[in-house]
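The block underneath contains the structure these notes are about, expressed in structure tokens.
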2 protein chains.
Amino acid sequence: MDGPLLLIDRSLGRGVVAQLIDGLRRGILDGALRAGDPVPSTRALAGELGIARSSVVAAYEQLAGEGYLELRQGATTRVAALDALGALTRDPANDAARRGATGVTGEVPLAAIDLSPGVPSTARLDERAWRAAWRSVGTSPPPSTSPPPFGLPELRVAIAQHLRHARGVACSPDDVVVTAGTSEALALTGLGLRTVAGGSPRIGVEDPGYPGGRRALQLHGAELVPLPLAAGGLDVAALADTDALAGTDALAGTGGLDAVMVTPSHQYPLGGRLPVAERLALLEWARASGAIVVEDDYDSEFRHTGAPLPALASLDAGERVVLVGSFSKVLTPWLRLGYLVLPRHPGLRDAVTAARTDLDSPVAGPVQLAMARLLTSGTLRRHIAATRREYRHRRGLVLDALAPLQHVGARLRALEGGLHAVLELPDADAEARLVARLEAEGIVVAPLALYAVASGSGSGAGRPAGIVIGYAGVGDLALSTALDRIATLTRAVLAAATGGPEFSTPAIAVGTEGRSPG
Amino acid sequence: MDGPLLLIDRSLGRGVVAQLIDGLRRGILDGALRAGDPVPSTRALAGELGIARSSVVAAYEQLAGEGYLELRQGATTRVAALDALGALTRDPANDAARRGATGVTGEVPLAAIDLSPGVPSTARLDERAWRAAWRSVGTSPPPSTSPPPFGLPELRVAIAQHLRHARGVACSPDDVVVTAGTSEALALTGLGLRTVAGGSPRIGVEDPGYPGGRRALQLHGAELVPLPLAAGGLDVAALADTDALAGTDALAGTGGLDAVMVTPSHQYPLGGRLPVAERLALLEWARASGAIVVEDDYDSEFRHTGAPLPALASLDAGERVVLVGSFSKVLTPWLRLGYLVLPRHPGLRDAVTAARTDLDSPVAGPVQLAMARLLTSGTLRRHIAATRREYRHRRGLVLDALAPLQHVGARLRALEGGLHAVLELPDADAEARLVARLEAEGIVVAPLALYAVASGSGSGAGRPAGIVIGYAGVGDLALSTALDRIATLTRAVLAAATGGPEFSTPAIAVGTEGRSPG
């Protein structure tokens with residue numbers, strides 16, 4: 001291990017642990033430390049550097065959590081052999097060097113780094129609590145009946161408590177419906193709205209917005225009406241202005257909306273938080289027009305800048321906002337577990353109750369029991385706190401790597417919370433070329449084209465263009481590798497497109513107050 | 001313990017164990033043995049009766065499995081204190097005596113015996129294997145992604161294998177879609193049929209038939225057409241005869257059917273098995289008319305009389321039959337786990353694939369892993385074998401108690417397989433009165449009215465009348481108690497209705513070849 005990597009400078013005003021982590025991480029990324037290399041024992045390194053052994057332990061643990069080191073009980077700690085490093089071999093210039101660095105010889109299969117949005121990290125999950133939750137599920141033979149249509153009482157109580165703490169929503173367990181993830185929650189809402197509307201409901205959706213949510217509503221009979229966005233999310237003024245809406249094809253010559261589906265806490269995918277004044281205006285519009293508001297609160301537990309706003313549902317006092325949430329982002333979509341919080345609105349409530357009773361709950365009893373245990377034991381709360389720190393750190397990596405691209409006309413957005421960032425590009429052509437070049441290097445991102453409502457509108461002129469980058473589900477090393485390639489290829493694509501000069505419009509500011517220290 | 005209960009008569013030609021079981025069971029049912037009473041040790045009783053101790057052990061174990069005795073490692077074996085006995089206190093004449101017999105003093109809350117159909121027994125489940133299956137689910141942290149839309153490969157392989165063995169269906173794992181029970185399987189089928197039909201599909205359904213299945217299809221856009229039944233289930237000749245169908249309201253002036261939903265292995269709820277000739281005619285009709293056949297194979301693993309026929313899907317060679325199955329009857333609806341087997345039919349297959357991909361699987365990964373383990377370890381196969389014996393025994397209790405009612409005009413049906421029986425009554429009026437009187441005594445059964453398609457047709461004249469009795473999910477003691485009351489009240493209701501004379505039409509014969517020896 002080379003000296004320069006690990007010089008600890010106490011005059012820097014940075015903690016010893018942070019310096020140690022930075023030095024080791026840089027050594028691995030630079031190839032000075034190779035996959036499989038042993039690192040010194042904590043005792044030896046502490047003695048060598050003249051620092052406390054606990055500092056070395058803390059640094060190793062952090063780096064293991066980030067995926068750089070392999071830490072095993074009773075075995076030598078080593079530099080991790082990450083498949084993701086294989087992606088580096090796609091750059092011919094680096095090929096030989098990187099192969100050496102990763103210890104791979106001969107032909108290497110294309111290793112993908114998947115930055116698809118919506119993939120959380122489960123690496124820090126408390127394995128003991130997870131194991132205990134599932135073990136407890138099997139301790140007695142199962143009942144002979146289906147779980148109740150709205151879910152097991154203990155889980156509904158735990159979810160109501162979680163929402164009170166995490167989202168400021170004062171709901172009763174009676175308002176909670178346990179669902180098989182967000183899709184099933186929206187399907188059920190769609191079935192309920194069809195009954196309320198007495199036919200195919202007309203539902204306004206943000207454009208761009210969550211394509212899976214739109215498809216779930218459409219498959220269950222809804223007619224979708226795209227709604228324009230403003231700076232903080234939905235353009236509420238345009239919503240209230242029927243003339244503006246009548247100008248769109250979808251509304252030509254027809255009546256009002258039965259419902260709108262919104263992401264006020266963190267517009268999906270572009271980012272932005274709906275200000276309080278707009279929230280009140282939205283609720284006022286809904287009250288006046290008789291519409292239901294479906295609030296998709298998909299990742300609000302993770303707020304990186306500024307104070308989180310309570311859910312829109314908390315302003316509504318249970319009158320006409322349906323809150324849709326899930327455990328897909330805060331834990332994992334592997335469980336297919338989510339929930340609805342129903343407002344008092346009697347028509348909708350009766351219709352959802354009838355549909356759910358007719359169909360039975362799709363959520364297995366053991367899954368409900370295990371999640372109730374993870375909630376009441378505090379495991380999920382601690383997991384959210386731990387992953388929030390992890391995601392803030394990764395968000396810092398994204399900012400470091402991609403914020404400088406504003407000088408070539410690519411803007412970072414959506415970083416105020418959640419698990420993804422948007423790199424906005426000047427046009428759909430640049431988007432398509434960047435996505436194709438990344439794909440050729442084994443790096444998967446989502447083009448913004450996927451989120452636009454009117455996907456058939458020719459060249460996509462007028463819609464926001466860019467890529468959506470999920471930064472939560474991969475280790476730091478894979479993320480850094482991919483971000484490096486994204487930065488390089490974005491410069492190449494934009495240089496080819498514009499001949500090199502910078503964009504003339506000002507870049508959108510990205511706050512950095514949420515940066516993690518690491 | 002009184003002598004007469006336990007006289008073993010070797011000249012009877014019945015086994016010692018069977019006589020012992022009968023004697024003890026009768027003693028408990030008659031109140032000679034009371035809840036909480038200790039029974040003699042196996043050694044003492046064997047000595048007293050001059051039989052092998054292993055015979056006493058076998059008898060005690062059988063009675064414990066049936067719910068009569070409480071058998072605990074290292075503790076005295078006692079007569080079980082069954083809540084179900086409380087239901088007896090509803091008969092004022094028996095009140096004091098039964099309270100004494102159950103050891104209950106003072107006011108007793110109404111204890112219901114729930115004979116709702118569709119509730120299996122989980123009492124004999126291999127607890128060790130169940131525990132191991134869930135423990136294995138928690139051994140590693142969960143993935144960060146949803147399970148694949150059609151299910152985990154290991155479960156799809158295991159289901160295909162199960163179907164080959166249990167139902168004679170030679171399908172590939174690629175044809176299997178893991179679903180959240182039958183309702184979700186039918187919902188998905190309904191969405192697929194809507195795409196194939198290019199609008200609301202017209203689906204023929206058996207009348208009477210499975211109401212939950214009808215509602216799942218209707219909620220997902222289907223228009224239902226009731227189809228008449230013949231002796232073995234669906235009246236296929238009437239189906240092919242468009243004139244006959246045109247006579248019904250639903251088909252007046254409209255075109256053909258896009259699909260039919262059938263229960264050929266065991267018509268639900270009336271019983272009967274569609275003969276092979278009718279099956280071939282049904283497939284021929286479907287081929288000629290371009291319709292899809294949805295086979296609801298809900299309880300075919302349990303056949304009590306005659307050889308089981310392979311699933312209809314096995315005759316079709318994967319062309320146009322969708323097989324719908326679930327683990328609700330063979331294990332428990334608590335898991336909300338079922339499956340579809342898709343035919344090659346490209347339009348339907350593409351449509352189901354698209355809908356499932358859009359919505360994501362609703363089935364949690366851990367549930368899929370646990371079920372794959374229960375299937376591949378043979379646990380489910382052994383459980384089916386054990387519960388089949390248990391259900392045959394209970395079916396025998398139903399026959400003993402209710403077959404004599406044919407002399408007063410009530411006919412037993414549907415006993416050739418499955419988990420339920422139908423006691424057919426002369427008219428809807430007798431049905432309503434019997435259900436009300438049973439309910440007043442805390443005994444829950446399902447009236448046949450629930451199964452009729454046209455529930456709004458006034459007095460229900462013309463439809464089959466009677467009650468559906470689920471005999472699988474309760475212990476022998478509760479079942480015997482309830483059957484006794486059903487027999488008594490049926491006689492009372494029919495005597496009041498007809499002035500006492502027997503029905504003139506011949507009763508439908510019920511085979512007894514499937515009787516269990518116990």
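Throughout, protein chains are lettered first and strands after them, A, B, ... in sequence-line order, and every chain is numbered starting at 1.
With contacts defined as side-chain heavy-atom distances shorter than 4.5 Å, the pair A/Pro362/B/Arg336 does not qualify.
With a 4.5 angstrom heavy-atom cutoff, A/Leu217 does not touch chain B via any of its atoms. Contacts of A/Leu219 with chain B are made by both backbone and side-chain atoms, with heavy-atom separations under 4.5 Å. Of the atoms belonging to A/Ser140, it is backbone heavy atoms, and not side-chain ones, that fall under 4.5 Å from chain B. For A/Leu359, the parts lying under 4.5 angstrom from a heavy atom of chain B are both the backbone and the side chain. Proximity to chain A (any heavy atom under 4.5 Å) is restricted, for B/Ser121, to the backbone atoms N, CA, C and O. At a 4.5 Å heavy-atom cutoff, the contact between A/Ser361 and chain B is made by backbone atoms alone. Proximity to chain A is limited to the side chain of B/Leu125, based on heavy atoms less than 4.5 angstrom apart. For A/Arg194, the part lying under 4.5 angstrom from a heavy atom of chain B is the side chain only. Contacts between A/Gln368 and chain B at a heavy-atom distance below 4.5 Å are absent for every atom of the residue.
Taking chain A as the reference chain and counting heavy-atom pairs below 4.5 Å, the highest number among B/Asp126, B/Val137, B/Leu186, B/Thr179 is found for B/Val137. For the options B/Ser328, B/Ala370, B/Ser136, B/Pro120, heavy-atom pairs under 4.5 Å to chain A are most numerous at B/Pro120. Ranked by heavy-atom pairs under 4.5 Å with chain A, the list B/Ala472, B/Ala132, B/Gly365 is led by B/Gly365. The residue among B/Pro143, B/Pro141, B/Ser116 with the most heavy atom pairs within less than 4.5 Å of chain A is B/Pro143. For the set A/Asp360, A/Thr332, A/Asp358, A/Thr357, the count of heavy-atom pairs under 4.5 angstrom toward chain B peaks at A/Asp358.
Nearest heavy-atom pair across B/Trp334 and A/Leu369 is CZ2-CD1, 4.0 Å. Pairing each heavy atom of A/Arg131 with each of B/Thr139, the nearest pair is CD-CA, 4.4 Å. The shortest heavy-atom contact between A/Leu335 and B/Pro366 is CD2-CG, 3.7 Å.
Tested against B/Pro333, the residues A/Pro147, A/Pro142, A/Ser146 include a single side chain to side chain contact (heavy atoms under 4.5 Å, CB included) partner, A/Ser146.
In this pair, A/His220 and B/His220 present their aromatic rings perpendicular. The plane angle is above 60°, beyond the 30 to 60° band.
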